[in-house]
Amino acid sequence: MNSTPQAVLGGRLRAALQACNLPPERGDVTAAADTRFGDYQSNAAMILAKETRSNPRALAVQIAEKFDAGDVCDPPEIAGPGFLNFRLRPEWVSRRLRELAEDARCGVPTADKPLRIIVDFSSPNIAKPMHVGHIRSTILGDALARIARFLGHEVVADNHLGDWGTQFGKVLYGWKHLLDRAALERDPIAEMTRLYREVNALEQTDPEVHRAARQELVKLQRGDSENRAIWEQLVKLSWKEFQGVYDRLGVRFDERLGESFYDAALGPLVERLLAGGIAEISEGAVCLFFPEIPALADKPCLIRKSDGGFLYATTDLATIEYRVGRWKPDAVWYVTGAPQQLHFQQVFAAAARMGIPVRLEHVAFGSILGEDRKLMKTRSGDNVPLRDLLDEAVSRARGMIEEKNPSLSAEEKENIANVVGLGAVKYAELSQHRMSDYVFSWPKMLSLQGNTAPYLQNACVRIHSIFRKLGDDSGGAGDVTFTTKEELALARKLLQFGEVVPLVLREFRPNLLANFLFETANAFHAFYEACPVLKSEGATRRSRLVLCEASIRVLKQGLDLLGIGVPEKM
RNA sequence: GCGCCCGUAGCUCAGGGGAUAGAGCAGCGGAUUUCUAAUCCGUUGGUCGCAGGUUCAAAUCCUGCCGGGCGCGCCA
C-alpha cells in the first residue's frame, strides 16, 4: 500500500481527470520545485491542453473543480500557464507522520510486482589484494541489493570472483620456486602478490620462466592435482582476506560462484553457438558479429581465441545461462565500471540472440581519482589496497572523536571510529552520481559539515541524546502539532521517504536517497535549533518527541539502506 | 576513425521537459550560561561548453561543433 503524499494526491488527481473524461495516466504529481507554490504540483493541465488543443488554464480550472481534496490538502491553486499546486493540510501531515513513526517501513511501499534480481558485484581477483577499484562496485552493489530487498524484491547477491585468470600460471610458478612460508603466514595476499610480481619480472628477462609459468597454467586447467591443490589454497587464503573486508563493511553475499565454476561449460557453449549459427569462425577465433546494431557493427565479440582459450565474454555468457537456469531471475544487474560498457553491450546482444529471457542491466560507474585528478594510486603508482584505505578512514575518524569527545571509553571510541570512518567512505561514494568520476578527499568526506556521513550521523546522535536524557519519561505517544515552520517542514520532508526509495532503483541512483537524507538531516537540525524538545511542555513536547522518533527512524533506515551505521554518541 | 560518458557558482557537485537553476565547501555578516555549536540563520557569487532545432515551456529532448575522460578481435 502506498500512502505517500505523492501517491495519495496522484490518486485523487487521476480520479479528477477521469471525471473530466481525460486520460488518468497523465495524473502525475511531483514535489513542488519551490515551496511558495505549495508542496506538490502537477503539470497535467498543460500537457493535456496540448494534446486536446485547448486552453491550459481553463482545463486546470475544470480539473480543480473535480478534484476531491478531502482532508489531504487545500483546494488546488492554479498558477502560471496552468500549474495545479497542492498544499498539504497540517492535520493530514500530522496524522501521516504519526503513522510513519510507528511503521516498521517508515512509509516506504513495497514493489507492486516483486522481482527476482541477481546483483553481480564486487568480484575481486584471487591472489590479488582488493583495491580502490573494487570499492565502488562493492558499496554500490551492496546498497542496491539492500534497497531492492527492502522494496520486496528477491535478491541474490552474487560475487563473481576472478578465480580463473592467466595470473595463476605465474602465481603457481612462484609458489613452487619462490614461496616464503613465514611471509605467507603473516600476510597471505601480500606474499601471493609478491610471487606474482617477481615471476612477472623474471618473465621479462627469462623466456624459460615465461614458458614454465604458462605450463603451470595449462596443468591447472587440465586438472593437475598438485596445481589444483595449490589453487584451492590460494582461493581459500584470498577469500579469508576478502571476508575480512566484507565483514568490516557489512557486505553479505548469497552466492559466490567465481569464473572457475563456469569453466567446464565454456567449451560446449562455444560449440553450441557455432552449431546454431549464432557465432562464427573468423581469423581462427570464434566471434559473434552484430551488423544489425550500429554501435557494434565493427566490433566483434570474441568468445574463443585462435589458440583455443576462452575469454571474458565466454564466461559471462555461460554465467547468464547458468543463472537463468538456476534462478529464473527477472533481471541481472552488473555493477562494474563504465569502461566495460562495450563489453556488456556485446554480451547482452549475444544473450538476446541466444534467446535468453532476462533483463540485463549494466550498472556502470565512473572512476575514483586522486587529488591530482588522475586515477587514484599510491605514491609508487600501485593501486591503493582497500584494507589500507579502510584503516585510514577509521584512524582519521578515531582522531576526530579523540579530539571532540575524549571522555568516551576506549571501546566506545573504537566502535564509533569504525561506524563513522567506514560510513564516510561509503557515503562519499553513494552521495555522488554513479557515472561521474570523483575526487577522493579525506577532509571532505569526514567533514562534519556539508553532505557527509558524519553530518547525518550527528543528526542521529542529537536525537539519541534527547531520548537518553528523556529516560523512562516516555510521553512519545502524542498527536503531532505544528507550532513552527521548522516542525512542519521536517514532517513534510519525512513523508517523502517513501517517495524517494523506490526512485533509486529506477536508474540505479543511490545518490537520490543520499540527497534526501541530507535534506532530512538539514531539516532536522533546523528544527532542533528552533524547537526545544525536552524543555517544552505538554502537547508540544509530546509532539516534538514524535518528530524526533520519526526522524531517527527515517535517518537510520535510510542510512541502513546505504549500508551505513549510526552511533549513539560521537 | 567508430562508440560510450562527462562539461552547471572560485572549488566539489545536485537537478535530466515546467515557474525566478539549487546545495555543500571556500568568502562575508550574525546566533552559544546547549536537548552534543560536530550545529543553525543571513549574504556574496551563474552567457547551465558553443551554435542551431523541436516545444506554450529546454540546463533537461534532437542535430552539429569545441573541450576532457574512457573503450574499441584474441586481458578481465
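Lettering of chains follows the sequences in order, A, B, ..., and the numbering in each one begins at 1.
Within the nucleic acid shown, A:A364 has no heavy atom closer than 4.0 Å to any nucleic acid atom. Residue contacts shown for A:M400 are absent, as no nucleic acid heavy atom lies under 4.0 Å away. Nucleic acid contact class of A:L302 (heavy atoms, under 4.0 Å, all strands): base. In this structure, A:L534 reaches the bases: a heavy-atom distance under 4.0 Å links it to at least one base atom across the strands shown. At a threshold of 4.0 angstrom between heavy atoms, the contacts of A:N125 with the nucleic acid are absent. Using a 4.0 Å heavy-atom criterion, one finds that A:E259 contacts the sugar-phosphate atoms exclusively. Using a 4.0 Å heavy-atom distance criterion, A:I463 is classed as making no nucleic acid contact. Note on A:A285: a base of the nucleic acid sits closer than 4.0 angstrom, heavy atoms only. At a threshold of 4.0 angstrom between heavy atoms, the contacts of A:H433 are confined to the sugar-phosphate backbone, with no base atom among them. Counting any heavy atom pair closer than 4.0 Å across all strands shown, A:C460 reaches no nucleic acid atom. Within 4.0 Å of A:K469, counting heavy atoms only, lie sugar-phosphate atoms of the nucleic acid but no base atom. Contact annotation for A:N55: no contact, since no heavy-atom pair falls under 4.0 Å across all strands.
Test A:Y262, A:Y312, A:F261 against A:H160 for ring-ring contact (aromatic ring centres under 6.0 Å, His included) and you get one pass: A:Y262.
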Please walk me through it: do A:F348 and A:Y334 pass ring pair (Phe, Tyr, Trp, His ring centres under 6.0 Å)? CA-CA 11 Å; A:F348 295 174; A:Y334 296 86; 5.7 Å; yes
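Each of A:T166 and A:A79 has a nearest nucleotide on RNA chain B; the 5'-most of these lies closest to A:A79. If A:F527 and A:K305 are placed on RNA chain B by their nearest nucleotide, the residue sitting closer to the 5' end is A:F527.
Side chains of A:H343 and A:D316: a donor on one and an acceptor on the other come within 3.5 Å. A donor-acceptor contact under 3.5 angstrom links the side chains of A:R462 and A:H525, judged on distance only. In the model, A:Y438 has a side-chain atom that pairs as donor or acceptor with a side-chain atom of A:E429 under 3.5 Å. Looking at A:S123 and A:H134, their side chains never bring a donor and an acceptor atom within 3.5 Å of each other.
Closest to the A:Q341 side chain, of the nucleotides B:C4, B:A76, B:C2, is B:C4. With B:C13, B:A38, B:C74 as the candidates, the nucleotide lying closest to the side chain of A:N458 is B:A38. When distances run from any side-chain atom of A:C287 to the nucleotides B:A38, B:C72, B:G73, the shortest one goes to B:G73. Side-chain proximity of A:K50 to B:G17, B:G18, B:A76: nearest is B:G17. Of the candidates B:C2, B:A76, B:C74, B:C2 carries the atom nearest the A:D298 side chain, counting heavy atoms from C-beta on. Among the nucleotides B:G3, B:A76, B:A19, the one closest to the side chain of A:A33 is B:A19. Here the side chain of A:Q449 is nearest to one of B:A19, B:G73, B:A38, namely B:A38. Taking the side chain of A:Q41 as heavy atoms from C-beta on, and the options B:C40, B:C56, B:A19, the nearest nucleotide is B:A19. Of the candidates B:A14, B:A19, B:C70, the closest approach to any side-chain atom of A:P339 belongs to B:C70. Each of B:C5, B:A23, B:A14 was ranked by its minimum atom distance to the side chain of A:M435; first place goes to B:C5.
Minimum heavy-atom separation, A:N515 to A:Y427: N-OH, 4.4 Å.
The separation of B:C50 from B:C11, taken at their P atoms, amounts to 15 Å, rounded to a whole angstrom.
The residues A:D372 and A:K374 are annotated as not salt-bridged, no charged nitrogen and carboxylate oxygen being separated by less than 4.0 angstrom.
Remark: the A:Q457 side chain and the B:A38 base include no donor-acceptor N/O pair separated by less than 3.5 Å. Interface remark: the A:S282 side chain does form a donor-acceptor pair with the B:G73 base, using a distance-only criterion of under 3.5 Å. Side-chain atoms of A:N43 stay outside donor-acceptor range of the base of B:A57, with no qualifying N/O pair under 3.5 Å. One cannot find a donor-acceptor pair under 3.5 Å joining the base of B:C25 and the side-chain atoms of A:K444.
Between A:W164 and A:W231, the ring planes lie perpendicular to each other; the angle is over 60°, past the 30° to 60° tilted range.
Ring-base stacking between A:F37 and B:A19 is satisfied, the centre separation being under 5.5 Å and the plane angle under 30°. Residue A:F83 and nucleotide B:G18 are not classified as a stacked aromatic pair, given the requirement of ring centres less than 5.5 Å apart at an interplanar angle below 30°.
In this structure, A:N522 reaches the B:C40 phosphate: one of its side-chain N or O atoms is under 4.0 Å from OP1 or OP2. One finds a side-chain N or O of A:S436 lying less than 4.0 angstrom from the OP1 or OP2 phosphate oxygen of B:A14. Considering only side-chain N and O atoms, A:Y312 lies nowhere under 4.0 angstrom from the phosphate OP1 or OP2 of B:G73.
B:G42 has its base anti relative to the sugar, with a glycosidic angle deviating from 0 by more than 90°.
Under a cutoff of 6.0 Å and an axis angle of 45°, A:K128 and A:Y196 form a cation-pi pair.
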Watson-Crick and G-U pairing of RNA chain B written in dot-bracket, each distance under 3.5 angstrom, with | for inter-strand partners: (((((((..((((....[...)))).(((((.......))))).....(((((..]....))))))))))))....
